[in-house]
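Single-structure report; data block below.
Numbers here simply count residues along the sequence, with the first being 1. Nothing here was measured: the structure is a model prediction, and the numbers come from that model.
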Amino acid sequence: GKPFHLKDLRGEIVLLFFGYTSCPDACPTTLAKLQRTFNLLTTEQRQQVRTVFVSVDPERDKPKLLKDYMDYFGVNAIGLTGTKAEIDKVVKDYQAHYLKIPSETGDWYSINHTTTVFLHDKQGKVRYLFLYEGTPEQLAEAIRMYL
């Protein structure tokens, strides 16, 4: 519910990715992998890693819903939303994408979106791209490399 700047997390490893809370597959799978990744880290290591989830569905993903959704997975997360213009700027900055797919019946829709997790080092530079096919072990290894 308040402005966010990635630079405020300098000194921490940041795992940033795009999604939405009603995503049926990619987002819960990615969050489950992040949860398993966090379980591979020591308590001290986990305290130095922050997950940033940028919603590409500002119509449905309100701050309270994002907080509850992210808290469920236990990955030290911040859920972000904003205006479409704000979200589009961030998506463009990461050369990511999303596309709203309307349902043929009713008001329901889904969103195709980038599934990559962008690992930022403690100085805020993207150092590693965790692809959807990646394993928690691979991500944990990359995190340890930049701690």
Side-chain angles (χ1 to χ4, degrees), residues 1-82 84 86-101 103 108-147:
K2 53 189 169 188
F4 174 83
H5 303 281
L6 193 57
K7 67 181 179 184
D8 295 339
L9 297 180
R10 295 274 159 73
E12 297 179 71
I13 299 295
V14 174
L15 307 174
L16 182 143
F17 71 106
F18 301 94
Y20 63 113
T21 61
S22 52
C23 179
D25 47 27
C27 294
T29 299
T30 298
L31 285 161
K33 285 182 184 182
L34 292 180
Q35 192 175 47
R36 289 195 312 271
T37 298
F38 270 67
N39 289 338
L40 295 170
L41 302 172
T42 67
T43 301
E44 182 181 323
Q45 290 169 335
R46 282 193 298 270
Q47 292 171 346
Q48 298 176 65
V49 180
R50 183 69 64 105
T51 303
V52 175
F53 179 86
V54 179
S55 173
V56 294
D57 189 6
E59 292 176 40
R60 294 184 289 202
D61 288 347
K62 303 304 179 198
K64 171 83 168 99
L65 176 60
L66 282 168
K67 181 182 181 336
D68 293 346
Y69 185 72
M70 298 313 296
D71 286 351
Y72 175 79
F73 289 95
V75 291
N76 197 16
I78 299 171
L80 300 175
T81 188
K84 182 176 181 336
E86 291 168 332
I87 293 165
D88 288 350
K89 181 185 180 325
V90 176
V91 167
K92 183 179 178 187
D93 287 348
Y94 283 88
Q95 299 177 5
H97 73 276
Y98 73 99
L99 179 64
K100 186 175 176 178
I101 310 295
S103 169
W108 185 253
Y109 58 89
S110 63
I111 300 175
N112 287 347
H113 60 88
T114 297
T115 57
T116 302
V117 176
F118 299 84
L119 184 153
H120 300 74
D121 67 15
K122 291 182 175 192
Q123 290 73 44
K125 295 181 182 166
V126 175
R127 295 293 187 176
Y128 181 80
L129 301 179
F130 179 63
L131 303 179
Y132 186 72
E133 301 79 20
T135 67
E137 291 78 14
Q138 290 168 327
L139 182 55
E141 183 179 325
I143 290 169
R144 286 187 202 104
M145 189 165 47
Y146 292 104
L147 280 174

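- Here the closest heavy-atom approach between residue Cys23 and residue Pro28 is recorded as O-CD, 3.5 Å.
- Between Lys122 and Leu147 the shortest side-chain heavy-atom distance falls below 4.5 Å.
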Name each donor-acceptor pair under 3.5 Å that joins a side chain in residues 61-68 to protein atoms two or more places apart or in another chain, with its distance.
residue, atom, partner, partner atom, Å
Asp61, OD1, Thr21, OG1, 2.4
Asp61, OD2, Thr21, N, 3.1
Asp61, OD2, Ser55, OG, 2.6
Lys62, NZ, Pro58, O, 2.9
Lys62, NZ, Glu59, O, 3.4
Lys64, NZ, Asp68, OD1, 3.0
Lys64, NZ, Asp68, OD2, 2.8
Lys67, NZ, Asp71, OD2, 2.6

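- With sequence neighbours left out, the side-chain hydrogen bond (donor to acceptor under 3.5 Å, both in side chains) criterion links Thr114 to His97.
- Considering only residues two or more places apart in sequence or on other chains, Tyr72 meets the side chain to side chain contact (heavy atoms under 4.5 Å, CB included) condition with none of them.
- Atom CE of Met145 is separated from atom CG of Asp121 by 10.5 Å, given to the nearest 0.5 angstrom.
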- request: Before giving the answer on side-chain contact (heavy atoms from CB on, under 4.5 Å), spell out for Gln138 and Tyr128 the whole-Å C-alpha distance, their side-chain angles and the decisive distance to 0.1 Å.
  value: CA-CA 11 Å; Gln138 290 168 327; Tyr128 181 80; 3.9 Å; yes
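- The side-chain contact (heavy atoms from CB on, under 4.5 Å) test with Val56 singles out one residue from Ile87, Leu99, Asp88, and that residue is Ile87.
- Arg127 contributes atom CZ, which lies 10.0 Å from atom CG of Leu119 (distance to the nearest 0.5 angstrom).
- Taking the ring-ring contact (aromatic ring centres under 6.0 Å, His included) definition, one finds that Phe118 meets it with Tyr94, sequence neighbours left out.
- Not a single side-chain hydrogen bond (donor to acceptor under 3.5 Å, both in side chains) links Glu141 to another residue, sequence neighbours left out.
- Listed by chain and residue number, nothing satisfies the ring-ring contact (aromatic ring centres under 6.0 Å, His included) test with Phe130 (two or more places apart in sequence, or in another chain).
- Evaluation of the salt bridge (charged side-chain N to carboxylate O under 4.0 Å, His left out) rule for Arg10 yields no partner, not counting sequence neighbours.
- The residue from Val54, Thr81, Ile78 that alone fulfils the side-chain contact (heavy atoms from CB on, under 4.5 Å) condition with Phe4 is Ile78.
- In plain terms, the two heavy atoms of Tyr132 and Asp25 that are nearest each other are OH-O, 4.1 Å.
- Atom-to-atom distance recorded for Glu12:CD and Gln47:CD is 10.5 Å, nearest 0.5 angstrom.
- For the pair Thr51 and Leu15, the minimum side-chain heavy-atom distance is below 4.5 Å.
- Taking all atoms of both residues into account, the shortest heavy-atom contact from Thr115 to Ala26 is CG2-CB, 3.7 Å.
- Side-chain contact between Val52 and Leu9: present, with at least one pair of heavy atoms (C-beta onward) separated by less than 4.5 Å.
- Between the side chains of Asp57 and Tyr98, no donor-acceptor pair is found at a separation under 3.5 Å.
- Residues forming a side-chain hydrogen bond (donor to acceptor under 3.5 Å, both in side chains) with Asp93 (at least two apart in sequence, or on another chain): Lys89.
- The side-chain heavy atoms of Leu139 and Lys33, taken from C-beta on, include no pair separated by under 4.5 Å.
- Summarising the geometry of His113 relative to Tyr20, their closest heavy-atom pair is CD2-CE2, 3.7 Å, with the distance given to 0.1 Å.
- Remark: Ile13 CD1 to Tyr146 OH distance equals 9.0 Å, nearest 0.5 Å.
- Between Val49 and Asn76, the closest side-chain pair of non-hydrogen atoms is not below 4.5 Å.
- One distance of note links CE of Met70 with CZ of Phe53; it measures 6.0 Å at 0.5 Å rounding.
- Note: Ile111 CD1 to Arg60 CZ = 5.5 Å, rounded to the nearest 0.5 Å.
- Partners of Arg144 according to the salt bridge (charged side-chain N to carboxylate O under 4.0 Å, His left out) rule, which considers only residues two or more places apart in sequence or in another chain, do not exist here.
- Residues passing the side-chain hydrogen bond (donor to acceptor under 3.5 Å, both in side chains) test with Ser110, sequence neighbours excluded: none.
- With sequence neighbours excluded, the residues forming a ring-ring contact (aromatic ring centres under 6.0 Å, His included) with Phe73 are Tyr69, listed by chain and number.
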message: What verdict does the side-chain contact (heavy atoms from CB on, under 4.5 Å) test give for Gln45 and Ile143, after you've listed the backbone C-alpha separation in whole Å, the side-chain angles of each residue and the deciding distance to 0.1 Å?
response: CA-CA 9 Å; Gln45 290 169 335; Ile143 290 169; 5.8 Å; no
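- Evaluation of the salt bridge (charged side-chain N to carboxylate O under 4.0 Å, His left out) rule for Lys125 yields no partner, not counting sequence neighbours.
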